[in-house]
Amino acid sequence: MSEHLKLIVEQLNKEPFRKSFNLITFDSLEPMQLLQVLNDVLAEIDPKQDIDIREEMPEQTVKRMCSLLGLLKYKPPGSPSDVSGFRQGLVMGSKPVIHPILHWLLQRLPELKKRAYLAHFLVKLDVPSEFLQDDVVGEIYHQYEELVEAFKTYHRECEQLRSSGFSTADIRKDISTMEVEKDQLINNVEKLKKRVETVANHQRMLEQARLLRVEEERESSLSNQKLEQKNQLFQAEQRLLRAQQQLKDLRQAAADANPESLMKRLEEEIKINSYMVSEKLPKELESVRCTVEYLKKVLSEPAMGQADLVQLEDKIKDVNSQINHLIEKKMIRNDPIDDKLTLYRQQAAIITRKKESKAEELQEAREELAALERELSQRTNQTSGSDGQEVIRYDELNRLVVRLRSKSTAYKKKRQEIAEMKAEYGVLQWTEENLKEKHESVQQKLQSVEAEKGISGYSNTQEELEKMSAMKSELDEKKGRTLDDMSEMVKKLNSMISEKKTALAPVIKELRSLRQGYQEVSQEYEEKKAQYESCAAGLESNRSKLEQDVKALREETAQKENQYHYTNSMTEASTSSVRGENTKFNCPSELFRCLYLCREVYLKKISEQELLGKKLREEQKVVRESHAANMEQVKLWKDLEQLMECKRQCFIRAQSQASIGQVIQEGGEDRLVL
């Protein structure tokens with residue numbers, strides 16, 4: 001169970017959950033929190049499950065989760081009849097119910113995502129039969145079934161394309177490189193055009209080059225036609241030889257034809273037909289019936305999982321061991337009469353197998369002959385209907401039938417080989433899937449063991465070393481095989497390089513002159529660039545100084561405006577107070593004294609508020625600087641508090657168990673005294 005919990009915590013801490021659990025915090029989760037974790041995992045599989053369970057009724061939550069788990073083919077541990085207990089545990093958020101579900105889901109998350117995605121489209125709607133009797137509803141349901149089948153085919157094609165190895169990123173990369181090469185070629189063509197325009201009679205030379213290219217293409221097409229005609233001539237000669245051989249065989253068969261041979265042939269056909277009707281066809285019919293019954297039985301059974309397959313494999317091993325034991329007993333008994341009869345039985349079994357194989361070949365040949373005769377009759381009817389006379393004669397038809405028989409036998413062999421290869425491919429594919437699953441489980445166990453031992457990554461490193469050694473041995477073999485090829489390639493490359501050097505000599509001369517011009521232009525460019533950068537730096541410094549001056553002036557203007565508005569408002573307030581309270585002040589000196597006192601009070605309040613704001617800003621700065629350290633300290637204290645609480649609970653449990661044991665011991669001592 002601890003291994004399961006470790007796996008669950010590791011998977012939940014990874015993408016896309018990022019829960020940051022450990023074993024203690026995960027084990028101490030409340031039932032509602034555990035249900036929310038399960039709901040988050042189900043929401044990752046099916047986005048429609050992304051619901052806050054606090055806003056949903058418990059019955060609806062259980063119904064929704066059970067329906068999705070049923071689609072994902074989850075089998076609860078225990079007896080299948082204990083469904084109510086499973087539902088009750090899911091409602092209560094029981095750990096023995098939810099932990100196995102999380103372990104099963106997190107182990108096969110990509111597979112379950114795919115299954116949930118397909119279930120939305122492939123699980124058919126349950127429409128009552130009385131509704132399907134309506135024409136409109138029946139037609140719509142038929143369209144729905146066709147769309148489901150179309151989705152299956154499209155999804156299969158999509159999976160095949162994904163597994164074929166083609167990547168959109170690689171294709172886009174190839175397209176971008178091809179576009180760059182295209183632009184380069186266009187630029188090269190433009191440069192060559194400009195260079196050619198300076199040459200005299202360039203139009204005439206271009207026309208001659210075009211004619212040369214046309215003639216070269218014509219020469220290549222004529223050479224291809226020559227090769228095709230040679231192949232056709234060889235095939236015609238081969239057909240002539242086969243026809244001559246067939247004619248020779250037919251003449252020999254016609255020379256040997258007599259009534260006795262015909263009677264023997266007919267008797268053989270009668271025997272073969274009687275064997276087919278009395279023995280072979282009833283056996284095939286019975287085998288087909290058994291296969292149909294077996295397939296019906298397989299369809300009626302529920303879907304099998306890995307555990308069921310393991311049980312079946314164990315049963316098969318037990319039965320094989322019993323069979324081997326019985327064979328050993330029979331060999332120990334070793335009855336001499338049976339020993340004499342085994343030789344005859346083996347010979348009879350070999351003869352029956354040969355007889356059955358020959359009968360199957362004969363049946364296939366007859367079916368093919370009947371199909372060819374039907375096709376031949378259709379062709380003859382078409383030709384006689386169009387031209388009014390028979391085109392193919394009887395002897396030509398016989399030759400055609402003989403040739404088709406030879407081809408049909410070859411076709412049958414190839415088809416049988418293809419069927420065997422397909423069956424072998426299916427078995428290998430199934431074996432590969434099983435081996436992959438076993439390999440994944442073994443890798444997970446190996447990684448866990450390596451992590452426990454403190455040597456994680458050892459197996460991967462060893463596999464990489466083995467791969468590198470295998471690659472090195474292959475490269476050494478390839479190097480040994482390709483030394484001669486490389487020497488020949490070097491000779492060819494040297495000859496090609498010499499040819500290219502002779503061809504590029506005039507171009508290199510032109511390139512030298514162009515390089516000198518390029519150096520002069522680049523030197524001039526560097527000088528102009530230095531002048532530009534110095535001028536730009538001076539202008540940039542002037543611009544920054546002007547911006548600073550403008551900013552200072554704007555701040556000063558804003559400050560003056562604030563002072564103006566403040567004095568204006570104070571003046572208006574004083575005038576209004578003077579107008580309203582003329583009865584209080586009998587002389588102007590008292591009025592000015594009151595205004596002075598008000599000014600002193602307001603200035604004192606402003607200075608106090610400024611000091612308070614400065615102090616608060618300093619405190620805010622101190623709090624910001626120490627916020628991260630304080631939060632870390634708070635987290636550490638919380639973890640320490642949880643650890644102490646866990647220790648307290650453990651101490652209480654141990655003390656209660658000790659007291660119970662003491663009571664039991666005292667009760668036993670009292671009984672002994674009595």
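Take His142 and apply the side-chain hydrogen bond (donor to acceptor under 3.5 Å, both in side chains) test, not counting sequence neighbours, and it matches Glu146. For Leu369, the side chain to side chain contact (heavy atoms under 4.5 Å, CB included) partners are Glu373, Val401, Arg405, not counting sequence neighbours. With sequence neighbours excluded, no residue forms a ring pair (Phe, Tyr, Trp, His ring centres under 6.0 Å) with Tyr411. The side chain to side chain contact (heavy atoms under 4.5 Å, CB included) check on Val288 picks up Val292, with sequence neighbours excluded. In this structure Lys14 satisfies the side chain to side chain contact (heavy atoms under 4.5 Å, CB included) test together with Gln11, sequence neighbours excluded. For Arg415, there are no salt bridge (Lys or Arg N to Asp or Glu O under 4.0 Å) partners, not counting sequence neighbours. By the side-chain hydrogen bond (donor to acceptor under 3.5 Å, both in side chains) test, Glu10 pairs with no residue at all, sequence neighbours left out. Legend: residues meeting salt bridge (Lys or Arg N to Asp or Glu O under 4.0 Å) with Lys436, ordered by chain and number and at least two apart, are Glu432. In this structure Asn13 satisfies the side chain to side chain contact (heavy atoms under 4.5 Å, CB included) test together with Val9, Lys19, Phe21, sequence neighbours excluded.
In this structure, Gln245 CD and Leu241 CG are separated by 9.0 Å, a value rounded to the nearest 0.5 Å. If you take CD on Glu499 and CG on Asn494, they are separated by 11.5 Å, rounding to the nearest 0.5 Å. Taken from CG in Leu240 to CD in Gln244, the straight-line distance is 4.0 Å, to the nearest 0.5 Å. Interatomic distance, Leu247 CG to Arg242 CZ, rounded to the nearest 0.5 Å: 15.0 Å. Distance check: Glu181 CD to Gln184 CD gives 6.5 Å after rounding to the nearest 0.5 Å. Between atom CE of residue Met496 and atom NZ of residue Lys501 there is a gap of 13.5 Å, rounded to the nearest 0.5 Å.
At least one side-chain heavy atom of Leu511 sits under 4.5 Å from a side-chain heavy atom of Arg515.
The minimum heavy-atom distance linking Thr177 with Asp174 is given by the pair OG1-O, 2.6 Å. Closest heavy-atom contact between Val148 and Phe121: CG2-O, 3.7 Å. Annotation for Leu112 and Ile45: closest pair O-CG2, 3.5 Å, computed over non-hydrogen atoms. The two residues Pro506 and Ala503 make their nearest non-hydrogen contact at CD-O, 3.6 Å. For Leu109 against Glu44, the heavy-atom pair with the smallest separation is CD2-CG, 4.5 Å.
Applying the side-chain hydrogen bond (donor to acceptor under 3.5 Å, both in side chains) test to pairs two or more places apart or on separate chains, those with a residue in residues 205-220 are Glu207-Arg210. Within the structure, the salt bridge (charged side-chain N to carboxylate O under 4.0 Å, His left out) test picks out no pair touching residues 437-446 (sequence neighbours left out).
Under the 30°/60° scheme for interplanar angles, the aromatic rings of Tyr144 and Tyr141 are found to be tilted.
Residues Lys412 and Glu361 are not paired through a salt bridge, judged by the lack of any N-O separation under 4.0 Å between the basic side chain and the carboxylate. A salt bridge does not link Glu111 to Lys114: none of the charged side-chain nitrogens sits closer than 4.0 Å to a carboxylate oxygen.
A side-chain contact (heavy atoms from CB on, under 4.5 Å) with Phe234 holds for exactly one of Gln232, Lys230, Gln238; it is Gln238.
The main-chain N or O of Leu42 is never found under 3.5 Å from a side-chain atom of Asp46 such that the two would form a donor-acceptor pair.
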For residues 516-532, please give each side-chain donor-acceptor pair under 3.5 Å, one per line with the distance, not counting sequence neighbours.
from	atom 1	to	atom 2	distance (Å)
Ser522	OG	Tyr518	O	3.0
Ser522	OG	Gln519	O	2.7

| said: Working note: Lys182 + Glu179, criterion salt bridge (charged side-chain N to carboxylate O under 4.0 Å, His left out); need CA distance, chi angles, decisive distance, verdict. | reply: CA-CA 5 Å; Lys182 179 183 175 183; Glu179 287 178 352; over 6 Å; no
